[in-house]
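Encoded as structure tokens, the structure appears first; notes follow it.
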Amino acid sequence: MEFPDMASMTPEGRPMMFDFEGISMTHFFTDNWENVRNFQARPDDILIATYPKAGTTWVSYILDLLYFGKDNAQTKPIYERVPFLESCFQKFPSGTEMADNLTTSPRLIKTHLPLQLVPKSFWEQNSRVVYVARNAKDNAVSYFHFDRMNMVQPESGDWNSYLQRFMGGKIPFGPWYDHVSGWWEKKQTYSNLLYLFYEDLVEDTGREVERLCSFFGLSTSPEEREKITKGVHFDAMKQNKVTNHATIPFMDFKISPFMRKGKVGDWKNHFTVAQNEQFDEVYKQKMKNTTVKFRTEL
Ligand code: A3P
């Protein structure tokens with residue numbers, strides 16, 4: 001993989017953000033929009049949808065192992081086995097191209113798009129969807145560190161200014177609040193959607209693996225499930241080059257690793273008392289019309 005072209009970059013070499021259909025985006029996720037919009041989903045596709053940093057890689061790897069076994073899942077980095085639908089990094093195949101070229105059945109496809117921007121063929125084909133949500137505080141912390149180390153993301157700035165932008169939704173893929181609640185509403189009417197929580201995965205990974213098997217009608221044996229549960233532990237995935245993203249040239253692991261902490265409650269090491277109070281106030285306001293509930297500690 002080569003480093004993307006430097007078009008539309010800030011002087012620091014980071015991409016600029018702009019409003020796209022009401023959502024803050026960078027050109028890496030909109031350059032291929034016609035193909036994203038017209039993407040042809042299949043009935044057996046599995047869409048893994050998340051707000052960035054909610055556990056996408058974790059659930060992608062679990063599903064890859066459940067469907068295709070360790071031998072296949074280990075052949076390529078996870079980001080090649082599970083294409084990132086809307087991504088378009090120059091000199092690297094776009095997400096839609098990669099998805100079109102997948103020979104697996106089902107195809108596992110990742111997206112960070114808010115519900116309203118998902119290509120309509122997924123709904124027309126009644127494709128199955130797993131949405132993974134993570135509590136806003138840990139999600140913000142994880143995204144902050146990701147933006148620090150990932151040169152194709154906008155500059156993170158310092159923690160306080162980042163947090164203000166998070167609350168205002170001025171980060172790629174827009175407001176966390178609308179994302180998690182939009183997908184939550186969809187689940188009420190679309191039965192092929194499984195809504196998982198990162199906190200549940202941390203609390204009892206085996207139970208969530210079982211939940212996935214039952215949703216997808218997989219008859220994976222308890223022994224195999226146990227093996228998979230061990231293989232997807234944070235420490236194992238951090239060591240595993242298929243999942244740890246160590247080969248991506250535009251991520252600077254000296255700043256922060258991709259597999260960073262994998263914890264619930266790390267926000268407590270970042271939020272000041274004043275930031276926490278402000279965040280809780282904004283949260284109450286933004287989430288007043290949804291029934292989705294999160295745990296910020298276990
Ligand atoms: P942290 O930055 O809090 O450590 P995504 O895959 O959506 O980009 O999400 C990345 C986040 O999920 C990171 O969070 C990463 O460490 C965490 N993660 C990935 N695999 C995990 C695992 N097996 N157990 C716990 N957390 C995991």
Side-chain angles (χ1 to χ4, degrees), residues 28-29 47-66 73 77-87 95 108-114 130-150 152-153 156 159 162-163 166 171-173 176 179-180 183 195-209 212 227-246 248 250-253 255-271 294-298:
F28 294 121
F29 309 120
L47 187 65
I48 301 161
T50 59
Y51 192 73
K53 311 318 289 173
T56 333
T57 314
W58 199 0
V59 169
S60 300
Y61 190 49
I62 293 172
L63 284 174
D64 200 7
L65 289 168
L66 282 173
I78 193 73
Y79 50 83
E80 290 185 34
R81 291 190 53 84
V82 182
F84 181 7
L85 185 68
E86 58 275 19
S87 71
L108 303 176
I109 300 171
K110 149 185 165 179
T111 186
H112 289 318
L113 291 172
V130 179
Y131 185 81
V132 192
R134 184 178 194 180
N135 80 76
K137 293 179 183 178
D138 283 325
N139 207 143
V141 167
S142 183
Y143 208 171
F144 167 66
H145 288 293
F146 185 67
D147 284 3
R148 288 172 58 232
M149 62 82 102
N150 188 348
V152 297
Q153 283 285 108
S156 64
W159 165 242
Y162 184 83
L163 195 59
F166 183 94
I171 45 181
F173 299 101
W176 174 93
H179 207 284
V180 297
W183 281 95
Y195 198 105
L196 295 182
F197 293 93
Y198 179 89
E199 292 73 28
D200 292 349
L201 276 154
V202 172
E203 182 178 64
D204 189 341
T205 311
R207 180 193 60 208
E208 299 306 299
V209 169
L212 283 162
K227 231 196 278 171
I228 290 175
T229 301
K230 278 202 184 115
V232 304
H233 188 273
F234 179 80
D235 299 334
M237 282 180 61
K238 192 175 170 79
Q239 297 308 319
N240 186 343
K241 61 182 188 318
V242 165
T243 50
N244 66 15
H245 288 60
I248 295 197
F250 47 78
M251 291 184 179
D252 188 344
F253 279 37
I255 298 177
S256 181
F258 181 86
M259 298 287 302
R260 194 185 58 89
K261 279 205 177 165
K263 295 263 185 276
V264 179
D266 187 38
W267 62 270
K268 291 179 189 168
N269 298 316
H270 292 74
F271 282 63
F294 288 86
R295 293 189 285 171
T296 53
E297 54 195 323
L298 291 180

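Side chains included, hydrogens not; waters and symmetry mates left out as well; all remaining heavy atoms used. Order of listing sets the numbers, starting from 1, for every ligand and every atom in it.
- For His245 and Phe253, the ring centers are positioned 6.0 Å apart or more.
- By the 4.5 Å heavy-atom criterion applied to side chains, Phe84 and His112 are counted as neighbours.
- The aromatic ring centroids of Phe144 and Phe166 lie 6.0 Å or more from each other.
- Residues Tyr162 and His145 have side chains that never bring a donor and an acceptor to within less than 3.5 angstrom of each other.
- Ring centroid separation for the pair Tyr195 and Trp183 does not come in under the 6.0 Å cut-off.
- A salt bridge does not link Asp252 with Arg148: none of the charged nitrogens is closer than 4.0 Å to a carboxylate oxygen.
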Expected rows: ligand 1 N/O, protein N/O, dist below 3.5 Å:
{"residue": "ligand 1", "atom": "2 (O)", "partner": "Ser142", "partner atom": "OG", "Å": "2.7"}
{"residue": "ligand 1", "atom": "2 (O)", "partner": "Arg260", "partner atom": "NE", "Å": "2.8"}
{"residue": "ligand 1", "atom": "3 (O)", "partner": "Arg134", "partner atom": "NH1", "Å": "3.3"}
{"residue": "ligand 1", "atom": "3 (O)", "partner": "Arg134", "partner atom": "NH2", "Å": "2.9"}
{"residue": "ligand 1", "atom": "3 (O)", "partner": "Arg260", "partner atom": "NH2", "Å": "3.0"}
{"residue": "ligand 1", "atom": "4 (O)", "partner": "Lys261", "partner atom": "N", "Å": "2.6"}
{"residue": "ligand 1", "atom": "4 (O)", "partner": "Gly262", "partner atom": "N", "Å": "2.8"}
{"residue": "ligand 1", "atom": "6 (O)", "partner": "Thr56", "partner atom": "N", "Å": "3.3"}
{"residue": "ligand 1", "atom": "6 (O)", "partner": "Thr57", "partner atom": "N", "Å": "2.8"}
{"residue": "ligand 1", "atom": "6 (O)", "partner": "Thr57", "partner atom": "OG1", "Å": "2.5"}
{"residue": "ligand 1", "atom": "7 (O)", "partner": "Lys53", "partner atom": "N", "Å": "3.3"}
{"residue": "ligand 1", "atom": "7 (O)", "partner": "Ala54", "partner atom": "N", "Å": "3.2"}
{"residue": "ligand 1", "atom": "7 (O)", "partner": "Gly55", "partner atom": "N", "Å": "3.1"}
{"residue": "ligand 1", "atom": "7 (O)", "partner": "Thr56", "partner atom": "N", "Å": "2.8"}
{"residue": "ligand 1", "atom": "7 (O)", "partner": "Thr56", "partner atom": "OG1", "Å": "2.3"}
{"residue": "ligand 1", "atom": "8 (O)", "partner": "Lys53", "partner atom": "NZ", "Å": "2.8"}
{"residue": "ligand 1", "atom": "9 (O)", "partner": "Gly55", "partner atom": "N", "Å": "3.4"}
{"residue": "ligand 1", "atom": "14 (O)", "partner": "Arg134", "partner atom": "NH1", "Å": "3.1"}
{"residue": "ligand 1", "atom": "14 (O)", "partner": "Ser142", "partner atom": "OG", "Å": "3.3"}
{"residue": "ligand 1", "atom": "16 (O)", "partner": "Arg260", "partner atom": "N", "Å": "3.4"}
{"residue": "ligand 1", "atom": "23 (N)", "partner": "Trp58", "partner atom": "NE1", "Å": "3.1"}
{"residue": "ligand 1", "atom": "23 (N)", "partner": "Val232", "partner atom": "O", "Å": "2.8"}
{"residue": "ligand 1", "atom": "23 (N)", "partner": "Phe234", "partner atom": "N", "Å": "3.4"}
{"residue": "ligand 1", "atom": "26 (N)", "partner": "Tyr198", "partner atom": "OH", "Å": "2.7"}

